[in-house]
Peer 1: 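What follows is a single structure, and I will ask about it in a moment.
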Protein chains: 2
Amino acid sequence: MKKTSLNDIANKLGVSKSLVSLVLNGKAKQNRIGDEISEKVLKLAKELNYQPNQIARSLRLGRSETIALIVADISNPFFARMGRAVEDEADKFGFKVIFSSSDENPDKLGELLNVLIDRQVDGFIISPTIKSKEYILKLKKNNIPFVLIDRCLPPIKTNSVVVDNYNSTYYAVKFMLEKGYKKTGFITVSSGLSNMKERLLGYKDAMKNFGVRGYGSYIREVDYKNFNESVGEAVKELLLTQNNLRALFFATLRVGMAAIKSINDLKLRIPQDVAVISFDDADAYQIFYPPITAIAQPIDMMSSEAVKILINEIKQKNVKTEKTQIVLPTEFIIRESCC
Amino acid sequence: MKKTSLNDIANKLGVSKSLVSLVLNGKAKQNRIGDEISEKVLKLAKELNYQPNQIARSLRLGRSETIALIVADISNPFFARMGRAVEDEADKFGFKVIFSSSDENPDKLGELLNVLIDRQVDGFIISPTIKSKEYILKLKKNNIPFVLIDRCLPPIKTNSVVVDNYNSTYYAVKFMLEKGYKKTGFITVSSGLSNMKERLLGYKDAMKNFGVRGYGSYIREVDYKNFNESVGEAVKELLLTQNNLRALFFATLRVGMAAIKSINDLKLRIPQDVAVISFDDADAYQIFYPPITAIAQPIDMMSSEAVKILINEIKQKNVKTEKTQIVLPTEFIIRESCC
DNA sequence: TCATTTTGCTAAATTGGTTTAGCTTTTTTT
DNA sequence: AAAAAAAGCTAAACCAATTTAGCAAAATGA
């Protein structure tokens, strides 16, 4: 059973496919198509359940009404939620979303961009990896619409939607300090990404301003490879060796999940033995006992803003648009893991 | 900066674009294209960084090398992991993936299928919702390749990849009973889906065979709307009222997450006050204290099998292929939540 | 009545590839 | 030397839409 095409309708009514196309695109009036024939076309199209072939449309129009979301790993709950929110917002504009995971690998990111551009995606929402500057600049130079999300590449002026990483961290750490946890450790990933830098800076400034000395040794930057083991090592070092810390701040959800697991393995109790706060929130943190205090990013809003900016730029592709930078506040959710 | 097209290459070399196309598709030999000109084409294509426009290709070939994955909700960790695994396996074949969430709504599923068919996706991997039989049958009738995953629609013969829900549940419940938890409650979602039916049956048979009577009142089926609250209610009822149960089996990850949260809220301890086992595994279950005993589905294998079956069918679209039904075993991971 | 405008529609180009049939020219066969 | 075969390449159709220029007929104007 072949799908109905413009030609099928045209032939059945004995008119040209131009006419059918014009009518179905609502351009009957401005092209002086008669009311009578217009109605016939509309009626038959409905009867035959005509749906235009989007591939043919894309080829002719040079756009596909598809955007691509490139994140580190779509199975990470943070990005999964982002994926869902992007999907929903894009749907409002009739856009579909292709998801791709870069695995924090800049070359994979570059390859994905190439492949997806050949597939005529209209634009990208990207959570950039380290060392991806080159590829992002190429997009910019070629005037391909894109929005960076979660992380940005500061010197380069691009559309971006991020949260206030510095202040979010600053205030959370300050909260910890005021609770009496002067020795608060900080575990982060060694990525050099903007968001991670800002979070680290927020921590450092909070410690500095509170007059804590020697906090440099409370910081652990963990590499992506052997991630869980490395986080475990960091936790063990901070809690069991020289520093004798009693509080930890986790710079991301992934760090937090791995760290909490190793705290459990060490048979230490939260918050009695060690108080914790994590950047990012997740279901797991809510059901945990005790529930984990978290800095929740407004994922839905970040995603919908990113989609709006992107689609706006796509719709005025030729027009030179100003780049939009959005910084959203986070929500500090105090739960029992730190009191 | 426009992209290089076949024509650009053809014009620069003063040959036809047919020739260029044949050479670049490796069909030079069989079409008796001279070696000399072949090499020139290859060289120039590389120089100009030629990448074929996939939309044009798709239009001509009637395929897009894109598949769609339709699940209930891509932000659910179970489906997010599936999404990632599907993405990776599809990538091996040069296919891209469009993700869509049906929200367990059959009409949304139907609409998605329509839209995605118009976009010429080559096939679908679908976790079907309730009442989606009509739409699935339509796919089948129109000879559109698809594979059902996680859930199937038994009377209809389709490709499917599921796990052995009945036995997995049977043995987990039996394990619980043998540990002495005769009164084991069962909380599931009232979906009528194959997987849920089988899990319930596994529970019932285990209880029956163990000689437990009156287990009908230990069962709670929860509706999708007001999900978390309803699960909370079910937990409260089972644990605090007539039955006085001391063990619970959760039929899905979502049920488990919501239930554990309300167990925490009730200030009950796992496993001292209530032992729990959940179908599905997740990071959250591993980091939980105590870690939750779980029936882990082989998500990676399910996903890669589904992709393989699908792409195989896509590649021989006209050939009438036998439908493949795969049932995979689960892994029963005993942790401390039930001992 | 003839020129002009308006109305209603269509042919054809375009998008960028793939593929088939067939046209020259050269080489081989008889 | 004529016929047959092979080599090397191209024109054109095709995929299914969108869009522009323009034709023919009807309506209007002078």
Side-chain angles (χ1 to χ4, degrees), chain A residues 2-42 45 48-66 94 115 117-122 317, chain B residues 2-42 45 48-66 94 115 117-122 317:
Chain A
K2 226 179 114 287
K3 288 208 52 175
T4 356
S5 75
L6 267 192
N7 251 324
D8 297 338
I9 299 183
N11 290 338
K12 286 205 176 148
L13 291 176
V15 296
S16 73
K17 63 174 176 176
S18 319
L19 185 145
V20 178
S21 172
L22 292 171
V23 170
L24 294 179
N25 285 301
K27 299 182 179 169
K29 275 284 168 299
Q30 71 199 73
N31 283 77
R32 307 187 304 263
I33 309 291
D35 289 348
E36 207 172 319
I37 191 71
S38 279
E39 272 169 40
K40 274 189 196 166
V41 169
L42 257 17
L48 298 178
N49 189 30
Y50 170 75
Q51 302 285 133
N53 178 322
Q54 295 296 336
I55 294 284
R57 250 186 127 243
S58 296
L59 178 59
R60 179 62 230 257
L61 298 178
R63 55 185 155 84
S64 58
E65 257 136 37
T66 303
V115 171
I117 288 170
D118 296 336
R119 287 175 179 249
Q120 303 285 117
V121 301
D122 296 332
K317 180 90 183 272
Chain B
K2 225 179 114 288
K3 287 207 55 175
T4 345
S5 75
L6 268 193
N7 254 324
D8 297 339
I9 298 182
N11 291 338
K12 284 204 180 155
L13 292 175
V15 296
S16 73
K17 65 173 177 177
S18 320
L19 185 146
V20 178
S21 171
L22 291 171
V23 170
L24 294 178
N25 285 300
K27 299 181 179 170
K29 275 283 167 299
Q30 72 199 70
N31 284 78
R32 308 186 304 263
I33 309 290
D35 289 348
E36 208 172 318
I37 191 70
S38 279
E39 273 169 39
K40 275 190 194 165
V41 169
L42 257 17
L48 298 179
N49 190 30
Y50 170 75
Q51 303 284 135
N53 178 323
Q54 295 296 335
I55 293 283
R57 252 186 124 241
S58 297
L59 180 60
R60 178 63 229 255
L61 298 179
R63 56 186 154 83
S64 58
E65 258 135 37
T66 303
V115 171
I117 289 170
D118 297 334
R119 287 175 179 249
Q120 304 284 117
V121 300
D122 296 332
K317 179 90 184 272

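Chain identifiers are assigned alphabetically (A, B, ...) following the order of the sequence lines, protein sequences preceding nucleic acid strands; residue numbering begins at 1 within each chain. Excluded from the calculations below are hydrogen atoms, water molecules and symmetry mates; all remaining heavy atoms, backbone and side chain alike, are included.
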Peer 1: Test side-chain contact (heavy atoms from CB on, under 4.5 Å) on A:Leu6 and A:Leu24 and set out the steps.
Peer 2: CA-CA 10 Å; A:Leu6 267 192; A:Leu24 294 179; 4.1 Å; yes
Peer 1: More 5' along DNA chain D: B:Val15 or A:Gln51, using each one's nearest nucleotide?
Peer 2: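 Looking at DNA chain D, the more 5' nearest nucleotide goes with B:Val15.
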Peer 1: Using a cut-off of strictly less than 4.0 Å, decide whether B:Tyr50 has a side-chain nitrogen or oxygen near OP1 or OP2 of C:dG16.
Peer 2: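 The answer is no; no side-chain N or O of B:Tyr50 sits under 4.0 Å from OP1 or OP2.
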Peer 1: How about A:Lys3 and A:Leu48: do any of their side-chain heavy atoms sit closer than 4.5 Å?
Peer 2: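 Side chain of A:Lys3 against side chain of A:Leu48, heavy atoms only: no contact under 4.5 Å found.
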Peer 1: Within less than 4.0 Å of OP1 or OP2 of D:dA16, is there a side-chain N or O belonging to A:Arg57?
Peer 2: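 So the side chain of A:Arg57 is outside the cut-off, no N or O lying under 4.0 Å from OP1 or OP2 of D:dA16.
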Peer 1: Could you give the CD1-to-P distance, from B:Ile33 to C:dT19, as a whole number of Å?
Peer 2: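 Nearest whole value for this atom pair: 13 Å.
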Peer 1: Starting at CG of B:Leu6 and ending at P of C:dT19, how long is that distance when rounded to a whole Å?
Peer 2: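 Distance check: B:Leu6 CG to C:dT19 P gives 12 Å.
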Peer 1: Without decimals, in angstroms, what is the distance between B:Leu24 CG and C:dG17 P?
Peer 2: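 Answer to the nearest Å: 10 Å.
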Peer 1: Provide the closest heavy-atom pair for B:Asn53 versus B:Ile55 in the form atom of the first, atom of the second, distance.
Peer 2: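 Closest heavy-atom pair between B:Asn53 and B:Ile55: OD1-N, 2.7 Å.
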Peer 1: Could you check whether any side-chain N or O of B:Ser18 sits under 3.5 Å from a backbone N or O of B:Ser16, counting only pairs where one atom can act as donor and the other as acceptor?
Peer 2: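 No, B:Ser18 side chain to B:Ser16 backbone: no donor-acceptor pair under 3.5 Å.
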Peer 1: State, with a plain yes or no, whether a side-chain heavy atom of A:Leu42 is found less than 4.5 Å away from one of A:Val23.
Peer 2: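 SC-SC contact between A:Leu42 and A:Val23 confirmed.
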Peer 1: Can we say A:Asp35 and A:Lys29 salt-bridge, meaning some charged N sits less than 4.0 Å from an Asp/Glu carboxylate O?
Peer 2: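 Judged by the 4.0 Å cut-off on N to carboxylate O distance, A:Asp35 and A:Lys29 do form a salt bridge.
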Peer 1: Hey, does A:Ile55 reach any base, or is it just sugar-phosphate, or nothing, if we go heavy atoms under 4.0 Å?
Peer 2: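 It contacts nothing in the nucleic acid.
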Peer 1: Under the side-chain contact (heavy atoms from CB on, under 4.5 Å) rule, collect the residues that match up with A:Glu65, sequence neighbours excluded.
Peer 2: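 Expected list: A:Gln54, A:Arg57, A:Arg63, A:Phe95, A:Asp122, B:Arg119.
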Peer 1: In whole angstrom, give the distance that lies between atom CG of A:Asp118 and atom C1' of C:dG16.
Peer 2: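 Checked: the CG to C1' distance equals 12 Å.
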Peer 1: Expressed in angstrom and rounded to an integer, what is the separation of B:Lys29 atom NZ from D:dA6 atom P?
Peer 2: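 Result: 17 Å.
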Peer 1: Between atom CG in B:Asn7 and atom P in C:dA13, what is the gap in whole Å?
Peer 2: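 Distance, rounded to whole Å: 15 Å.
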Peer 1: Please enumerate all protein N or O atoms sitting under 3.5 Å from an N or O of nucleotides 19-23 of chain D, with distances to 0.1 Å.
Peer 2:
unit_1 : atom_1 : unit_2  : atom_2 : d
D:dT19 : OP2    : A:Lys27 : NZ     : 2.5
D:dT19 : O4     : A:Ser18 : OG     : 3.2

Peer 1: To the nearest angstrom, how far is B:Asn53 atom CG from D:dC15 atom C1'?
Peer 2: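 Distance, rounded to whole Å: 13 Å.
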Peer 1: Using atom CD of A:Gln120 as one end and atom P of C:dG17 as the other, report the distance to the nearest whole Å.
Peer 2: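 Atom-to-atom, A:Gln120 to C:dG17, this comes out as 9 Å.
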